[in-house]
Amino acid sequence: MKMLLDVDTGIDDGMAIAYAVGSQDVELIGIVGSYGNIETRGGVKNALNLLNLLGEDNIPVYVGAEHALNKPAFERLAVSARIHGDNGVGNISFEHPSIQKALDNGIDFIIQSVKTYGKELTIVTTGPLTNLAAALKKAPEIEKMIGKVVIMGGAITVPGNIRKIAEANISQDPEAAKYVFESSVSITMVGLDVTMRSILTKNDTMLWRQNGTVGTAYADMVDYYIDHVNAKDGCYLHDPSAIAAAIHPEWFTMLPMHVTVITEEGLRGRTICDPDRMRNCNPNVQVCLNVDSKQVLHHFNDVLNTVFNTAN
């Protein structure tokens with residue numbers, strides 16, 4: 001599977017990057033950075049450093065949008081700084097920072113990748129949907145060409161995590177999310193309905209530490225996350241769940257639905273079945289409502305332990 005990652009590289013995005021890099025089912029063709037957990041260029045730097053740590057400097061990283069479609073600038077939320085740390089990756093320092101430079105024109109990279117690989121390409125987004133919306137607006141012809149889009153974002157049956165009615169990635173740019181969901185693109189929505197069912201604990205990260213400096217760096221990063229998300233047992237596998245759904249959709253129970261996003265104040269950022277299209281045939285969005293979390297956790301840890309051991 002050829003995969004393009006669109007990330008706002010905080011800690012769970014970093015886990016998703018390692019999961020994609022280590023999965024035998026994935027050929028990661030590139031990463032496009034966005035804002036969210038941290039500003040775009042900080043997240044891009046994190047992606048470069050993590051790829052370098054994992055021994056994958058050959059994967060290109062591009063700079064994408066730096067703010068929402070209808071906003072002049074990005075303002076980082078205090079909760080993002082608390083959960084992900086000042087630098088977005090748990091304040092860990094990299095002994096050998098990447099010397100690779102990020103490439104410009106991330107939105108053009110999305111367009112060109114779709115035109116090159118067509119239905120073979122899976123785009124996985126773990127941040128706001130600004131980059132994908134911008135690509136669809138700039139080159140509308142790619143809407144019919146994209147193979148599959150897997151979105152970590154939204155919530156249908158559970159409350160949001162940034163407000164009661166809104167999930168963080170969608171709330172960053174509801175207009176972009178609405179545009180993408182209402183397109184004809186084939187979408188798998190991996191929302192809080194399933195990501196909060198898979199919990200990673202310090203027992204898992206303790207095993208990572210047995211895999212040398214790489215595993216230890218990732219364990220330090222994720223332990224910071226666990227300590228700051230105010231969860232009793234561990235942290236939710238938000239972004240890695242999107243990778244799991246891309247490569248093993250059979251582990252998820254999905255409901256076909258026409259999804260839209262409310263952009264008006266009051267319920268802004270809410271993902272909901274589109275009442276104007278609910279009786280239309282052939283919904284384009286598969287909403288994940290349940291998951292075999294044991295399979296996800298086992299596979300995730302197996303892949304990460306292998307890639308950490310290989311990278312040392």
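Treat the numbers as computed from the prediction; the structure is a model and nothing was measured. Throughout, residue positions are numbered sequentially from 1 according to the sequence presented.
- Among pairs with a residue in residues 108-117, those fulfilling salt bridge (charged side-chain N to carboxylate O under 4.0 Å, His left out) read Asp108-Lys138, Lys115-Glu141, at least two apart in sequence or across chains.
- Under the 4.5 Å side-chain criterion, counting only non-hydrogen atoms from C-beta, Asn169 is in contact with Met152.
- The salt bridge (charged side-chain N to carboxylate O under 4.0 Å, His left out) analysis of residues 176-194, with sequence neighbours excluded, yields the pairs Lys178-Glu182.
- In this structure, Cys288 and Val190 have side chains that are in contact, with non-hydrogen atoms separated by less than 4.5 Å.
- In this structure, the side chain of Asp233 does not engage the main chain of Thr201 through any donor-acceptor pair within 3.5 Å.
- Looking at Asp239, its side chain never comes within 3.5 Å of a backbone N or O of Met15 through a donor-acceptor pair.
- Atoms CG and CG, from Asn87 and Asn46 in turn, are 5.5 Å apart once rounded to the nearest 0.5 Å.
- Within the structure, salt bridge (charged side-chain N to carboxylate O under 4.0 Å, His left out) contacts touching residues 214-223 (residues at least two apart or in different chains) are Arg209-Asp220, Arg209-Asp223.
- The shortest non-hydrogen separation linking Val303 to Ser23 is CG1-N, 3.7 Å.
- Rounded to the nearest 0.5 Å, atoms CE (Met189) and CD (Glu167) are 8.0 Å apart.
- Residue pairs meeting the salt bridge (charged side-chain N to carboxylate O under 4.0 Å, His left out) criterion with at least one partner in residues 34-60, sequence neighbours excluded, are Arg41-Glu66.
- Between the side chain of Asp302 and the backbone N or O of His298, no donor-acceptor pair lies under 3.5 Å.
- Residues passing the ring pair (Phe, Tyr, Trp, His ring centres under 6.0 Å) test with Tyr19 are His299, Phe300, sequence neighbours excluded.
- Residues Asn290 and Arg197 meet the side-chain proximity criterion, which asks for heavy atoms closer than 4.5 Å.
- Here the shortest heavy-atom pairing between Lys144 and Ser184 reads NZ-OG, 3.3 Å.
- Each of Phe252 and Val259 belongs to its own hydrophobic cluster when Ile, Leu, Val, Met, Phe, Trp and Tyr are linked at side-chain heavy-atom distances under 4.5 angstrom.
- In this structure, Val32 is not a member of the same hydrophobic cluster as Ile59, with clusters built from ILVMFWY side-chain heavy atoms closer than 4.5 Å.
- Around CG of Asn280, the count of heavy atoms belonging to other residues, nucleotides or ligands within 6.0 Å exceeds 12.
- Put simply, Leu289 and Ile199 are part of two different groups of oily side chains (I, L, V, M, F, W, Y) that touch within less than 4.5 Å, one to the next.
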- [ ] Assess whether side chain to side chain contact (heavy atoms under 4.5 Å, CB included) is satisfied between Met257 and Arg277, documenting all intermediate values.
- [x] CA-CA 9 Å; Met257 189 181 297; Arg277 297 185 295 159; over 6 Å; no
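- Across Met278 and Cys273, no two heavy atoms sit closer than the pair CB-SG, 3.7 Å.
- Asn105 CG to Ile111 CD1: the interatomic distance, rounded to the nearest 0.5 Å, is 9.5 Å.
- There is a side-chain donor-acceptor pair under 3.5 Å between His84 and Asn37.
- The hydrophobic cluster containing Ile165, built from Ile/Leu/Val/Met/Phe/Trp/Tyr side-chain heavy atoms closer than 4.5 Å, also comprises Ile262, Leu267, Ile272.
- In this structure, Val44 and Gly33 approach most closely via the heavy-atom pair CG2-CA, 3.8 Å.
- Looking at Val185 and Leu136, their side chains come closer than 4.5 Å, going by heavy atoms from C-beta outward.
- Among Ile29, Ile243, Ile123, the single residue meeting the side chain to side chain contact (heavy atoms under 4.5 Å, CB included) criterion with Met3 is Ile243.
- In this structure, the separation between CD1 on Ile17 and CD1 on Ile31 is 4.0 Å, given to the nearest 0.5 Å.
- Tracing side-chain contacts under 4.5 Å through hydrophobic residues (I, L, V, M, F, W, Y), one never reaches Val291 starting from Val287; they form parts of separate clusters.
- With values rounded to the nearest 0.5 angstrom, Ile151 atom CD1 is found 4.5 Å from Thr125 atom OG1.
- The side-chain hydrogen bond (donor to acceptor under 3.5 Å, both in side chains) check on Thr213 picks up Asn312, with sequence neighbours excluded.
- Considering NE2 of His238 and CG of Leu200, their distance stands at 11.5 Å, rounded to 0.5 Å.
- Side-chain contact between Thr310 and Asn211 is absent, with no heavy-atom pair separated by less than 4.5 Å.
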- [ ] Give the intermediate values and the outcome of side chain to side chain contact (heavy atoms under 4.5 Å, CB included) for residues Leu28 and Val21.
- [x] CA-CA 7 Å; Leu28 186 57; Val21 163; 4.0 Å; yes
TODO: In sequence, state the C-alpha distance, the side-chain angles, and the governing distance for Glu143 and Lys137, and then conclude on salt bridge (Lys or Arg N to Asp or Glu O under 4.0 Å).
DONE: CA-CA 9 Å; Glu143 182 175 332; Lys137 285 174 176 285; over 6 Å; no
Task: Intermediate values then yes/no, side chain to side chain contact (heavy atoms under 4.5 Å, CB included), Val79 and Ile162 - done: CA-CA 9 Å; Val79 66; Ile162 202 70; 3.9 Å; yes
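- Under the side-chain hydrogen bond (donor to acceptor under 3.5 Å, both in side chains) criterion, Tyr35 pairs with Thr130, sequence neighbours left out.
- You'll find the side chain of Thr195 reaches within 4.5 Å of the side chain of Leu192, heavy atoms only.
- Applying the 6.0 Å contact sphere to NZ of Lys119 captures more than 12 heavy atoms from other residues, nucleotides or ligands.
- Looking at residues two or more places apart in sequence or on another chain, you find a side-chain hydrogen bond (donor to acceptor under 3.5 Å, both in side chains) between Glu250 and His248.
- Among all heavy-atom pairs drawn from Arg76 and Ser80, the shortest one is NH2-O, 3.5 Å.
- Within the 4.5 Å cutoff, side-chain heavy atoms of Met254 are placed close to those of Thr188.
- For the pair Ile247/Thr122, no side-chain contact is recorded, criterion being any heavy-atom separation below 4.5 Å from C-beta on.
- Hydrophobic clustering of Ile, Leu, Val, Met, Phe, Trp and Tyr side chains at less than 4.5 Å, counting indirect connections, keeps Leu4 apart from Val150.
- Applying the ring-ring contact (aromatic ring centres under 6.0 Å, His included) definition to pairs two or more places apart or across chains, those involving residues 90-126 are Tyr62-Phe109.
- Side-chain atoms of Asn131 do not come within 3.5 Å of backbone N or O of Ile107 as any donor-acceptor pair.
- Other residues sharing a hydrophobic cluster with Ile99 under the 4.5 Å side-chain heavy-atom criterion for ILVMFWY residues do not exist; the residue is a singleton.
- Using modelled atom types, one side-chain atom of Arg268 and one backbone atom of Thr263 make a donor-acceptor pair closer than 3.5 Å.
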TODO: Before giving the answer on side chain to side chain contact (heavy atoms under 4.5 Å, CB included), spell out for Asp13 and Asp8 the whole-Å C-alpha distance, their side-chain angles and the decisive distance to 0.1 Å.
DONE: CA-CA 7 Å; Asp13 304 83; Asp8 57 329; 2.9 Å; yes
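- The list of ring-ring contact (aromatic ring centres under 6.0 Å, His included) pairs with a residue in residues 175-217, not counting sequence neighbours, reads Trp208-Phe308.
- Across every non-hydrogen atom of Val222 and Cys235, the tightest pair is CG1-SG, 4.1 Å.
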